[in-house]
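Count residues from 1 along the sequence. Computed from a predicted model, the values in this text were never measured in an experiment.
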Amino acid sequence: GIIIEKLSEKKLYYVTGDTLYNREIFGELPQKIDAVFLPINSSGNNMNATDAQRFAEECKAAVAVPYHYGMLDDITAESFDFKNKIVFNIYEERDI
């Protein structure tokens, strides 16, 4: 994954990249993550929606953004059950 700091607003984003759920990463993550970006399609060594939800909860992210869904499968963002999720529409800009 990659950690991105938006210094002008003092926000911290974590993009997991294509990855599977692994508890060992939590000891290396910052204590405060404003937004975590997670794959939910469960293919190509990616988390499924359940593992992504667990990851978002365990890293205590303020919001979570699911990705890798609906392109080559029938998975939707609704399958990612996280209280503070943000779902982007294609070509949409949003503040997080």
Side-chain angles (χ1 to χ4, degrees):
I2 184 169
I3 296 172
I4 302 167
E5 284 188 80
K6 190 171 182 183
L7 297 176
S8 63
E9 296 179 27
K10 296 185 176 154
K11 292 198 174 193
L12 190 68
Y13 305 127
Y14 180 60
V15 182
T16 64
D18 292 347
T19 190
L20 293 170
Y21 178 87
N22 185 335
R23 297 206 65 191
E24 294 177 18
I25 190 76
F26 297 112
E28 300 174 23
L29 293 179
Q31 295 296 311
K32 181 184 179 283
I33 296 176
D34 293 295
V36 62
F37 294 74
L38 303 152
I40 64 168
N41 67 342
S42 72
S43 64
N45 286 327
N46 287 331
M47 290 182 237
N48 60 34
T50 302
D51 285 343
Q53 174 190 350
R54 188 169 18 156
F55 191 100
E57 290 169 353
E58 288 191 38
C59 76
K60 298 177 179 67
V63 298
V65 181
Y67 62 85
H68 284 338
Y69 61 86
M71 296 178 354
L72 304 172
D73 52 47
D74 59 353
I75 297 170
T76 65
E78 286 71 35
S79 66
F80 177 61
D81 186 24
F82 185 71
K83 179 181 174 185
N84 294 326
K85 75 178 170 187
I86 295 176
V87 178
F88 287 94
N89 294 314
I90 193 162
Y91 305 119
E92 176 184 26
E93 285 187 31
R94 292 185 57 185
D95 289 327
I96 343 183

- Are Val15 and Phe88 grouped together when hydrophobic residues (ILVMFWY) are joined by side-chain heavy atoms under 4.5 angstrom apart?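 Yes, it is one cluster - the side chains of Val15 and Phe88 are joined through contacts under 4.5 Å.
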- Query: Can Tyr14 be reached from Phe26 by stepping across I, L, V, M, F, W or Y side chains whose heavy atoms are under 4.5 Å apart?
  - Reply: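 Yes, it is one cluster - the side chains of Phe26 and Tyr14 are joined through contacts under 4.5 Å.
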So which heavy atom on [X] is nearest to which on [Y], and how close?
{"X": "Asp34", "Y": "Ala62", "value": "O-CB, 3.3 Å"}
{"X": "Val36", "Y": "Thr16", "value": "CG2-CG2, 4.2 Å"}
{"X": "Phe80", "Y": "Ala52", "value": "CE1-C, 3.5 Å"}
{"X": "Ile40", "Y": "Thr76", "value": "CD1-O, 3.8 Å"}
{"X": "Phe55", "Y": "Leu38", "value": "CD2-CD2, 3.5 Å"}
{"X": "Lys32", "Y": "Leu12", "value": "O-CD2, 3.2 Å"}

Pairwise distance [atom1]([X]) to [atom2]([Y]) - rounded to 0.5 angstrom:
{"X": "Ile33", "Y": "Cys59", "atom1": "CD1", "atom2": "SG", "value": "4.0 Å"}
{"X": "Ile75", "Y": "Ser42", "atom1": "CD1", "atom2": "OG", "value": "4.5 Å"}
{"X": "Gln53", "Y": "Thr50", "atom1": "CD", "atom2": "OG1", "value": "6.5 Å"}
{"X": "Asn41", "Y": "Asn46", "atom1": "CG", "atom2": "CG", "value": "4.5 Å"}

- So do the side chains of Met47 and Thr19 get within less than 4.5 Å of each other, counting heavy atoms only?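 When only atoms from C-beta onward are counted, Thr19 and Met47 do touch, with a gap below 4.5 Å.
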- Would you mind reporting whether Glu58 and Arg23 have side-chain heavy atoms less than 4.5 Å apart?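 Sidechains of Glu58 and Arg23: in contact.
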- Item | Asn22 CG: over 12 foreign heavy atoms closer than 6.0 Å |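 Yes, CG of Asn22 has more than 12 neighbouring heavy atoms, counting only those of other groups under 6.0 Å.
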- Under 3.5 Å, is there a donor-acceptor pair between the side chain of Asp51 and the main chain of Asn48?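 It does not hold such a pair.
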- Message: Given 3.5 Å as the limit, does a donor-acceptor pair link the side chain of Tyr67 with the main chain of Gly17, or not?
- Response: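 Looks like yes, one N/O pair under 3.5 Å.
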- Go through the steps for Asp18 and Asn45 under the test side-chain contact (heavy atoms from CB on, under 4.5 Å), then give the verdict. CA-CA 7 Å; Asp18 292 347; Asn45 286 327; over 6 Å; no
